[in-house]
Engineer: 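Let me begin by handing over the structure; questions about it come next.
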Amino acid sequence: MRIRKKNWTEEELETSRYLINEPEALKGKWREKFGNENPVHIEIGCGKGKFVSEMSKLYPDINYLGIEKFTMVVSRALRKCKLAEAGNNIFIFCKDAEELENLFEPGEVKRIYLNFSDPWPNRKKWIKKRLTNERFLERYENIFGERGEVFLKTDNREFFEYSIQSFSEKGWVLKNISLDLHNSPFEGNVMTEYERKFSEQGLPIYRLEAYYGSSMKE
C-alpha cells in the first residue's frame, strides 16, 4: 500500500496522545492503560480511523483500539482522532494481525471489527492471509478467552461467503447476516471511508456478526 507522506505525518507519529508505540508491553494491562474496567473492542485494519474514532465518541463506555500495519496509515488514523476530538477511550498502534496473541491476554478483548479487510485471491497461496481464515479465528479465540464476537463488513461477496463457511466450520454462531446492509432494517451503522465509496457506486454491503464461546448462548 502506497500512502503519500503528509507534512504533519512525523508530528502525529511523534506527539499524538492516541499512539501506542509498544503495545506488546501492555499485554495483560490494557484496562490499566485505559484506567477502567470497560470492555475492549478492537478494529483490525483501522485504515484512516474514521470508523473507530466515531465509535469511540458514540460509545464512551467502551474502550477502542485501532490496529493498522502500515505506519503512514497509522498517522492518518491519529490525525482523524485528533480532528474528531476523540476522548480517552481510544488508542491506535501499528502491528500486524499475526501478532495478536503477543498483544492480549485471554479475555482482554470482547469484540473485533473487520471492516473491508483485504479479501485476498481465492488461491491456496493467498487464502491463508484472509482475516477469517481458520488460523486467524484460532487467534481470536485465544484472545477472547471464554467468549467474544466478530462483526464483519465487506463489499466482496466471495470473501463474505468464505467467511460464513469459515465461522460455521469452527462452530461459531452467526447472527444478523445482511446481503445489502444499507437497504436493511439494521440501525446504528457507522460507515468507513471504503464503505461510503462503495455505497456511492451502488455496490451492496455485506455484514454479519459471529459469536464464539459462551456468547453463543445469548
Side-chain angles (χ1 to χ4, degrees), residues 1-118 129 131 136-145 148-153 190 192-194:
M1 178 182 291
R2 293 179 61 86
I3 301 293
R4 289 185 179 180
K5 186 175 181 180
K6 300 288 187 178
N7 57 11
W8 41 258
T9 295
E10 294 298 331
E11 179 182 359
E12 293 295 345
L13 293 172
E14 292 174 2
T15 67
S16 177
R17 70 182 180 92
Y18 299 105
L19 177 67
I20 293 178
N21 285 308
E22 298 181 356
E24 59 274 5
L26 293 171
K27 182 178 181 180
K29 303 176 182 178
W30 285 105
R31 287 181 174 81
E32 181 180 331
K33 175 65 176 177
F34 281 106
N36 59 58
E37 296 295 319
N38 294 336
V40 175
H41 294 182
I42 66 176
E43 183 185 12
I44 299 177
C46 68
K48 299 176 183 178
K50 180 180 183 296
F51 175 84
V52 71
S53 63
E54 287 192 24
M55 291 293 286
S56 72
K57 295 184 70 175
L58 287 171
Y59 303 99
D61 293 333
I62 303 292
N63 296 323
Y64 289 92
L65 294 172
I67 304 174
E68 175 57 54
K69 66 179 180 179
F70 299 105
T71 304
M72 291 296 103
V73 184
V74 166
S75 70
R76 297 197 175 198
L78 296 171
R79 182 78 167 182
K80 179 68 73 174
C81 288
K82 180 169 72 175
L83 294 177
E85 297 182 344
N88 297 321
N89 64 326
I90 180 172
F91 292 103
I92 308 291
F93 59 82
C94 187
K95 282 292 178 180
D96 194 291
E98 299 274 1
E99 302 181 62
L100 283 177
E101 290 161 297
N102 298 325
L103 306 174
F104 303 102
E105 292 284 359
E108 282 196 295
V109 175
K110 295 303 181 186
R111 180 182 296 173
I112 294 174
Y113 288 99
L114 300 178
N115 291 320
F116 301 90
S117 307
D118 191 330
K129 293 179 176 291
L131 292 180
F136 279 104
L137 297 192
E138 291 174 354
R139 289 186 172 92
Y140 305 156
E141 292 174 356
N142 289 337
I143 66 172
F144 284 152
E149 53 202 46
V150 173
F151 287 11
L152 177 149
K153 288 194 289 187
V190 174
T192 72
E193 293 91 345
Y194 279 121

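In this text, all values refer to a predicted model and were calculated from it rather than measured experimentally.
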Engineer: Do His41 and Lys110 pass the side chain to side chain contact (heavy atoms under 4.5 Å, CB included) test, and can you show the C-alpha distance, the side-chain angles, and the key distance before you say yes or no?
Structural biologist: CA-CA 6 Å; His41 294 182; Lys110 295 303 181 186; 4.2 Å; yes
Engineer: Quick one: do Trp8 and Arg76 satisfy side chain to side chain contact (heavy atoms under 4.5 Å, CB included)? Show the steps, please.
Structural biologist: CA-CA 9 Å; Trp8 41 258; Arg76 297 197 175 198; 3.9 Å; yes
Engineer: So, does Trp30 use its side chain to make a donor-acceptor pair with the main chain of Leu103 at under 3.5 Å?
Structural biologist: yes
Engineer: Quick one: pull up CE in Met72 and NZ in Lys48 and give me the separation to the nearest 0.5 Å.
Structural biologist: 13.5 Å
Engineer: Between CD1 of Ile143 and CG of Asn102, what distance do you get to the nearest 0.5 Å?
Structural biologist: 11.0 Å
Engineer: Quick one, Ser53 and Tyr64 - any side-chain contact, counting heavy atoms below 4.5 Å?
Structural biologist: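 No, too far: nothing below the 4.5 Å cut-off.
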Engineer: Taking atom CZ of Phe144 and atom CD of Glu149, what is their separation to the nearest 0.5 Å?
Structural biologist: 7.0 Å
Engineer: Please list, chain by chain and in numerical order, all residues satisfying ring pair (Phe, Tyr, Trp, His ring centres under 6.0 Å) with Phe151, sequence neighbours excluded.
Structural biologist: Tyr113
Engineer: Can you see which heavy atom on Asn38 is nearest to which on Pro60, and at what distance?
Structural biologist: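 Closest approach of Asn38 to Pro60: ND2-O, 4.2 Å.
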Engineer: Looking only at heavy atoms, what is the nearest atom pair of Cys46 and Val52, with distance?
Structural biologist: CB-CG1, 4.4 Å
Engineer: Of all the heavy-atom pairs spanning Ser75 and Thr9, show the shortest one and how long it is.
Structural biologist: OG-CG2, 3.6 Å
Engineer: Please step through side chain to side chain contact (heavy atoms under 4.5 Å, CB included) for the pair Lys33 and Ile20, ending with a clear verdict.
Structural biologist: CA-CA 10 Å; Lys33 175 65 176 177; Ile20 293 178; 4.3 Å; yes
Engineer: Mind checking whether Val150 and Tyr140 have side chains closer than 4.5 Å, heavy atoms only?
Structural biologist: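 Yes; the side chains approach each other to less than 4.5 Å.
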Engineer: How about Phe91 and Cys81: do any of their side-chain heavy atoms sit closer than 4.5 Å?
Structural biologist: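 The answer is no; the side chains never approach within 4.5 Å.
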Engineer: Which value, rounded to the nearest 0.5 Å, describes the distance between Leu13 atom CG and Asn21 atom CG?
Structural biologist: 8.5 Å
Engineer: Would you call Leu26 and Phe34 a side-chain contact if the rule is heavy atoms closer than 4.5 Å?
Structural biologist: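 Contact flag for Leu26/Phe34 side chains = no.
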Engineer: Count the heavy atoms belonging to other residues, nucleotides or ligands that lie under 6.0 Å from NZ of Lys27, then report whether that count exceeds 12.
Structural biologist: yes
Engineer: Determine whether Thr15 and Glu10 make a side-chain contact, defined as any pair of heavy atoms from C-beta on separated by less than 4.5 Å.
Structural biologist: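 Side-chain contact under 4.5 Å: no.
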Engineer: Measuring from atom CD1 of Ile90 to atom CD of Glu54, what distance do you get when rounded to the nearest 0.5 angstrom?
Structural biologist: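 Output value for this atom pair is 10.5 Å.
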Engineer: Looking at Asp61 and Pro39, what are the two nearest heavy atoms and their distance?
Structural biologist: O-CD, 3.7 Å
Engineer: Does Glu108 use its side chain to pair, donor to acceptor, with the backbone of Lys29 at less than 3.5 Å?
Structural biologist: yes
Engineer: Enumerate, atom names and distances included, each donor-acceptor pair closer than 3.5 Å involving a side-chain atom of residues 92-101, sequence neighbours excluded.
Structural biologist:
unit_1 : atom_1 : unit_2 : atom_2 : d
Lys95  : NZ     : Glu24  : OE1    : 3.3
Lys95  : NZ     : Glu99  : OE1    : 3.4
Asp96  : OD1    : Glu98  : N      : 2.8
Glu98  : OE1    : Arg135 : NH1    : 3.1
Glu98  : OE1    : Arg139 : NH2    : 2.9
Glu98  : OE2    : Arg135 : NH1    : 3.3
Glu98  : OE2    : Arg135 : NH2    : 2.7
Glu101 : OE2    : Asn142 : ND2    : 2.5

Engineer: Under 4.5 Å between any side-chain heavy atoms of Met55 and Val190, yes or no?
Structural biologist: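 Side chain of Met55 against side chain of Val190, heavy atoms only: contact under 4.5 Å found.
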Engineer: When you compare the side chain of Lys153 with that of Asn115, does any pair of heavy atoms fall below 4.5 Å?
Structural biologist: yes
Engineer: Does this structure show an ion pair linking Glu12 with Lys82, if we count only N-O contacts that are shorter than 4.0 Å?
Structural biologist: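 Looking at Glu12 and Lys82, the cut-off is met.
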Engineer: Could you tell me which non-hydrogen atom of Asn89 sits nearest to which non-hydrogen atom of Tyr59, and how far apart they are?
Structural biologist: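 What the structure gives for the nearest pair is ND2-O, 3.4 Å.
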Engineer: Are Phe136 and Ile44 close enough that some pair of their side-chain heavy atoms sits under 4.5 Å apart?
Structural biologist: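 No, too far: nothing below the 4.5 Å cut-off.
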Engineer: Taking atom CD1 of Ile42 and atom CG of Asn63, what is their separation to the nearest 0.5 Å?
Structural biologist: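 Result: 12.5 Å between the selected atoms.
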Engineer: What residues, two or more places apart in sequence or in another chain, satisfy side chain to side chain donor-acceptor pair (under 3.5 Å) together with Asn88?
Structural biologist: Arg17
